[in-house]
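All values below come from the heavy atoms of this structure, side chains included, with hydrogens, waters and symmetry mates left out. Keep in mind it's a predicted model, so treat the numbers as computed, not measured. In the text below, chain A, chain B and the rest are named by the order of the sequence lines, each starting its count at 1.
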2 protein chains.
Amino acid sequence: MVMKKSFGIKDIAKMLGISVSTVSRALRDAYDVNPETKKRVIELTEKLNFKLNKNASALASGNTKNIGVVIPFITNYYFSTVISGIQEEAYNQGYNIILYVTNDDIEREKKLIENIATSSLDGLLISISSNSHIVEHFETMMRSGLPIVFFDRVPQQIQASKVVQSDFDGAYQATTYLIEKGYDRIAHIAGPSELSFTQERLRGYLQAHTDCKVPHHKEYVIFSGFGQSHGFDDTNALLSLPQPPNAIFAVNDRKAVGAIQALNQACIRVGQDFGVIGFTNDPISTVIEPNLTTIEEPAFEIGRQSCQLLIRHIKNKDFEPREILIPGRLIERQSVRSD
Amino acid sequence: MVMKKSFGIKDIAKMLGISVSTVSRALRDAYDVNPETKKRVIELTEKLNFKLNKNASALASGNTKNIGVVIPFITNYYFSTVISGIQEEAYNQGYNIILYVTNDDIEREKKLIENIATSSLDGLLISISSNSHIVEHFETMMRSGLPIVFFDRVPQQIQASKVVQSDFDGAYQATTYLIEKGYDRIAHIAGPSELSFTQERLRGYLQAHTDCKVPHHKEYVIFSGFGQSHGFDDTNALLSLPQPPNAIFAVNDRKAVGAIQALNQACIRVGQDFGVIGFTNDPISTVIEPNLTTIEEPAFEIGRQSCQLLIRHIKNKDFEPREILIPGRLIERQSVRSD
DNA sequence: TAAAAAAATCTAAACGTTTATTCGGTGTAG
DNA sequence: CTACACCGAATAAACGTTTAGATTTTTTTA
């Protein structure tokens, strides 16, 4: 296989009869370089389809124009949409994204984060799998000058920029909506109890009960995984209670779908005798029958804003950490009665 | 913000009283280095949590340990699963993946690919948006020594490694299955006509008609986009034909879902009077009622194998291009009658 | 018209590795 | 006892940029 050696900035300089530093500057800042010269450089590089060598450039300048993204899953509507938002913003600002997937496996997350080559990253965007010991590691990274923005699943202990949907509000809204529609025995099928957003949504659910003066039963809250099957099983468990609920607020749409399937199977009329509300606004909401009423999570926006915030931190190392809360909104469909 | 300057291989060398080259070699090949020395080096670097500077390393050696992945979408079950497979293999072999998303926008794809910094990539994995002029660009890249593996949507004109599901076989299988179940007027709601897999699936669909000696009507094939709504509209168009079909083979599950929704709405009993079969095995197949019978696409496997193949090309520049065809399989559910 | 200021460009030293080549020391064969 | 091979380690030259600081050229000012 024959491959012609590609040329560098040096060759460009020689061809134009100017020095490399001029070429280098012409290709970037335009600081202190004659517009005329700059034009000649640009023209030649375009003609030759010349690209700067990123490694050399990163080595010399310390900026890689890469940002790392660590997420638990990718085969998932929420996370793939977040990435989509990140990607969009990164693309517009000329950054590349390097993707790390932990599969929600704590061991793997630990290994991955400890081995992350920070030298090839200008910043890091993370949704953690667990509120684990790694936190310490994050602090080391940040202290060594690597900007980090946490999103969705964030560690509370750490002082850093964070971007999350307003879980409390969404849950509160969902629950009061059910109450308004006349359901009085509302269960909550929650996520793993150690995750921050599980706790927040639970809190919103409880607060709504308090504020609306609706009594709440402890056995109506079940913690389990995120899958459709979890929703299915949890619902069956609820149905076999001495006094079953007449509505369910699910921590996400997949579990809500599992719930509806269990209810359909038990011949309970969802949307009339029984209300179900989800969280996310996954496309499956419009596939399940009846269509799922849900709280939309602003996934794309979370991605976009996290990335935007990170880039600010990158460009200005003194930028103060901030927390951004993005509201969701209620999407009314048929799994809750409408009168 | 105070940040302590991180140290390099040079400092390690100084601490150990040996030369940088020895440290460098100890950290990799182990070629020509005393096991004892090597051990000392490893121990110290681990203790100090020292990481090689990737940029310097890439600059000097020419290997970045990064592979680029170009896909049309990410918010999509198929592609996110493919990435999952790629990621898995890359992680195991110590590569990072840099993600590029084109949004299926040809202009953006073009710009993106032309601007890709090949200096920071050891190889490229691509699913193209269109069989466009870019092909020429790919050839330039390959000639300049960058290994490329195409997957899913591949350009036919180009001689390179490719990994695809067996679209023809899957379509053939789907169609004969419908015929076997007694449907005799089978429509095909296809994808955009210029994509290779659209053509392949259409070919399988037609071949099945020929082989089973079932007459085929031209107006039963509709080309359109990939969305649920396209499936919905296409189906309504088919239903308003003078002689409507009694079965549909959809190019993917989303369109099949749209079809089922249209049929449900028209009060046609799917799974009995009317058969619907999809392609992908998207999780929505088990959400739609009736559950969708479909051809499973081996998305994860496609990702894994593409990546594996690419890494072989990276490690051995003389490795001959090959095409890998991965079979799908029929998943029987309720949208086709079972007798 | 000389001095000062501003603009444009150049020189050369980084940046932190890799790696071909060289070197010294030890063991071994003749 | 000398010559040779070999192992382990050191030297130093890349790799292709960036960027202070120096230098030259041009413009402005007095």
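Distance A:Asn55 CG to D:dT18 C1': 14 Å, rounded to the nearest Å. At whole-Å resolution of the value, CG in B:Asn34 and P in D:dG8 are 6 Å apart. Rounded to whole angstrom, the span from the CG atom of B:Leu27 across to the C1' atom of C:dT17 amounts to 11 Å. If you measure from atom CG of A:Asp32 to atom C1' of D:dT27, you get 15 Å, rounded to the nearest angstrom. Whole-Å rounding puts the B:Leu59 CG to C:dT18 C1' distance at 10 Å. For the pair A:Glu36 CD and D:dT25 P, the computed distance is 19 Å after rounding to whole Å. Spacing between atom CZ of A:Phe7 and atom C1' of D:dT17 amounts to 16 Å, rounded to whole angstrom units. The NZ atom of B:Lys10 sits 9 Å away from the P atom of C:dT17 (whole-angstrom rounding).
The shortest non-hydrogen separation linking A:Ile97 to A:Gln87 is CD1-OE1, 3.9 Å.
Residue B:Arg28 places its side chain closer to C:dT19 than to any other of D:dT17, C:dT17, C:dT19. Closest approach to the B:Ile18 side chain among C:dG16, D:dA10, D:dA9 is made by D:dA10 (side chain taken as heavy atoms from C-beta onward).
Contact annotation: A:Ser57 side-chain N/O to D:dT18 OP1/OP2 distance is under 4.0 Å. When the side-chain nitrogen and oxygen atoms of B:Thr22 are compared with OP1 and OP2 of D:dA10, one or more of them lie within a distance under 4.0 Å. A:Ser24 has a side-chain polar atom (N or O) that falls below the 4.0 Å cut-off from OP1 or OP2 of D:dT18. Dashed line: the shortest gap from a side-chain N or O of A:Arg25 to OP1 or OP2 of C:dA8 is not under 4.0 Å.
With hydrogens and angles ignored, the 3.5 Å screen pairs no side-chain donor or acceptor of B:Ser84 with any backbone N or O of B:Ser80. Between the side chain of B:Asn103 and the main chain of B:Asp105, no donor-acceptor pair closer than 3.5 Å is present.
Checked by distance alone, A:Ser21 brings no side-chain donor or acceptor within 3.5 Å of a matching partner on the base of D:dT18.
If you check every strand for non-hydrogen atoms under 4.0 Å, B:Thr37 touches sugar and phosphate atoms only.
Taking the six-membered ring where the residue is Trp, the centroids of A:Phe138 and A:Phe150 are separated by under 6.0 Å.
A cation-pi arrangement is absent between B:Arg108 and B:Tyr100, since the terminal nitrogen or guanidinium carbon is not both under 6.0 Å from the aromatic centre and inside a 45° cone about the axis.
For B:Gly17 and A:Ser61, each mapped to the nucleotide of DNA chain D holding its nearest heavy atom, the one lying further toward the 5' end belongs to B:Gly17.
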